[in-house]
There are 2 protein chains.
Amino acid sequence: MNQSTMFNVTELRATSQAQAEQRAAKGIVFVLDDDPSIRSSYERLFTLEGFVCFAYDSAEALITGRTIDAERLNGPRCLLCDVSLPGKSGLDVQEALGSEQAMMPFIFISGVSSEVEVVQAYRKGGYAFLLKPIDISELLATVSSALVLSGNRQQESAELARLQAMVMQLTERERAVIKLVLEGCTNPQISDRLRIALRTVKVHRQHAMQKLGAKNLVELTRTALRSSILC
Amino acid sequence: MNQSTMFNVTELRATSQAQAEQRAAKGIVFVLDDDPSIRSSYERLFTLEGFVCFAYDSAEALITGRTIDAERLNGPRCLLCDVSLPGKSGLDVQEALGSEQAMMPFIFISGVSSEVEVVQAYRKGGYAFLLKPIDISELLATVSSALVLSGNRQQESAELARLQAMVMQLTERERAVIKLVLEGCTNPQISDRLRIALRTVKVHRQHAMQKLGAKNLVELTRTALRSSILC
DNA sequence: GCAAAATCTGCCCTTTAGGGTAATTGCTAA
DNA sequence: TTAGCAATTACCCTAAAGGGCAGATTTTGC
């Protein structure tokens, strides 16, 4: 029966993992608050709402743990954060995460904060600022919109990475030809400019189009503009 | 000598107008504050800095007077505004100007405001929030960046208007042809789809390219993407 | 050194793009 | 009613794009 038991455990884990992935696709909410009761309140709330939730009691714990906890979980994410924490404050977390912030909007929560903190939070790119007492529906609305923003940013980012990967496949010569194509040159003109035979231009152009997944000039131009090859 | 005097006056006015236009090109700063001494301080400051400055004592005066005052003056603009005013507040002005806000960033100034006001100002799209005591260099830096933003927005807006004006010149048929071109169709394919002769497609395409100021397909695609004809 | 890319090219063919000339039809504003 | 614009098309021509086939040279990583 030992075998059977182990099998069941594996099954459960698999289910749990699958479930977590499904939830994560809806959203991952990171919470940072030093009050244990508040943390568990948030955890309950967001879990009930169908999100994945990770709560931390300190900025350090958040910074260290967030990647490990959300390992293998893909999905839009945001951070709910009390500005006034002992030790490192929410504003410090903002700085620590830096560019990651674009993918993970910060929602600050505060009851006793000064205007200075609010201003600073916004200046550093904070997404929203909620003042206590917290209205649950307002909180959920804010979280939802933050997750939408995060999702959009992730999509854009992924799209850009995809395009740039394609551009990287191009050889030097192919890139040079395409660049001139995008400047409006005809093949004979490119042939003159690069001092290569017309047939060679055509070959490079053809290969580049294939690598960029473009069936025609219009698609090529679109792709190029999005990935900004021209620069 | 009467003639001469009048001539001189006209000259002066002309010069003044030219000067104002030159200043306006650098920036127009609207100021809203109920304290006369503060208003004149700002006016002096911004005039010295080479901007055009219009100061108002009430939201109503600003809303009524801004277009009249800045008549014929083109240039980036921003609004410096005290949140806590008697009567209509700075936040109300924000609402009153609505979409105009995009072209004219709001900079709020406050010493005694609550966090609630700060949050509201940002939520409504305020550009920045400065807390008293005001640091002059910080103020000027904020105004400068707001003016840059305003200038960029105006340029984008003008560019879009220009493109859309060109698109409007197209006849129904020309638009239809170009739309298919942008979907990647070749002329023969368009000929089939629209059930018109190949020569007709070419004529429409040619006319459309001229009206859109595009010398080749690449330029056409660029123009189309920017003006979003496809939608 | 060798194999795999990358670069280069000529010849030849078809399809597209672009455009000149000329003509017809229908609709609208002066 | 007439001039003008939009839309349509036929015929004819050139230039450009796209690509198959065959081969050369060069660079480069293992």
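Every chain is numbered from 1 and lettered A, B, ... according to where its sequence line falls, protein lines coming before strand lines.
Below the 3.5 angstrom threshold, one finds a donor paired with an acceptor across the side chain of B:R199 and the base of C:dG20.
Taking only side-chain atoms of A:K202, from C-beta outward, the nucleotide of D:dA16, C:dT9, D:dG18 with the closest atom is D:dG18. With C:dT9, D:dA17, C:dA6 as the choices, the nucleotide that has an atom nearest any side-chain atom of A:T171 turns out to be C:dA6. Side-chain proximity of A:I196 to D:dG20, C:dT9, C:dT7: nearest is C:dT9.
A salt bridge links B:E183 with B:R193; the closest basic N to acidic carboxylate O contact falls under 4.0 Å.
Rounded to an integer number of Å, the gap from B:L217 CG to D:dG18 C1' is 15 Å. One interatomic measurement links the two molecules: CD of A:Q210 to P of D:dG18, which rounds to 12 Å at whole-angstrom precision. Taking atom NZ on B:K211 and atom P on D:dC5, their separation rounds to 11 Å, with Å as the unit. In this structure, B:I190 places its CD1 atom 13 Å from P of D:dT8, rounding to the nearest Å. The nearest whole Å value for the distance from the CG atom in B:L194 to the C1' atom in D:dA7 is 12 Å. Per the geometry, CG belonging to B:D192 stands 10 Å off P belonging to C:dT16, to the nearest Å. Rounding to whole angstrom units, CZ of residue B:R205 and P of D:dT8 are separated by 16 Å. The separation between B:L198 atom CG and D:dA10 atom P is 10 Å, rounded to whole Å.
Using a 4.5 Å heavy-atom threshold, the side chains of B:R222 and B:L225 count as separate. At least one side-chain heavy atom of B:V93 sits less than 4.5 Å from a side-chain heavy atom of B:F106.
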Notebook entry, point to check: Run the side chain to side chain donor-acceptor pair (under 3.5 Å) check on A:E159 and A:Q155 step by step: do they pass?
Noted result: CA-CA 6 Å; A:E159 175 70 3; A:Q155 275 196 327; over 6 Å; no

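Regarding contacts with the backbone of C:dT16, every side-chain N or O of B:N187 stays at 4.0 angstrom or more from both OP1 and OP2.
Sequence order on DNA chain C of the closest nucleotides to A:H204 and B:M209 puts A:H204 first from the 5' end.
Within 4.0 Å (heavy atoms only), A:E174 reaches no atom of the nucleic acid at all. Residue contacts for B:H207: at a heavy-atom cut-off of 4.0 Å it reaches no nucleic acid atom on any strand shown. Nucleic acid contact class of A:T200 (heavy atoms, under 4.0 Å, all strands): base.
Inspection of the B:Y56 and B:D69 side chains reveals an N or O donor paired with an N or O acceptor under 3.5 Å.
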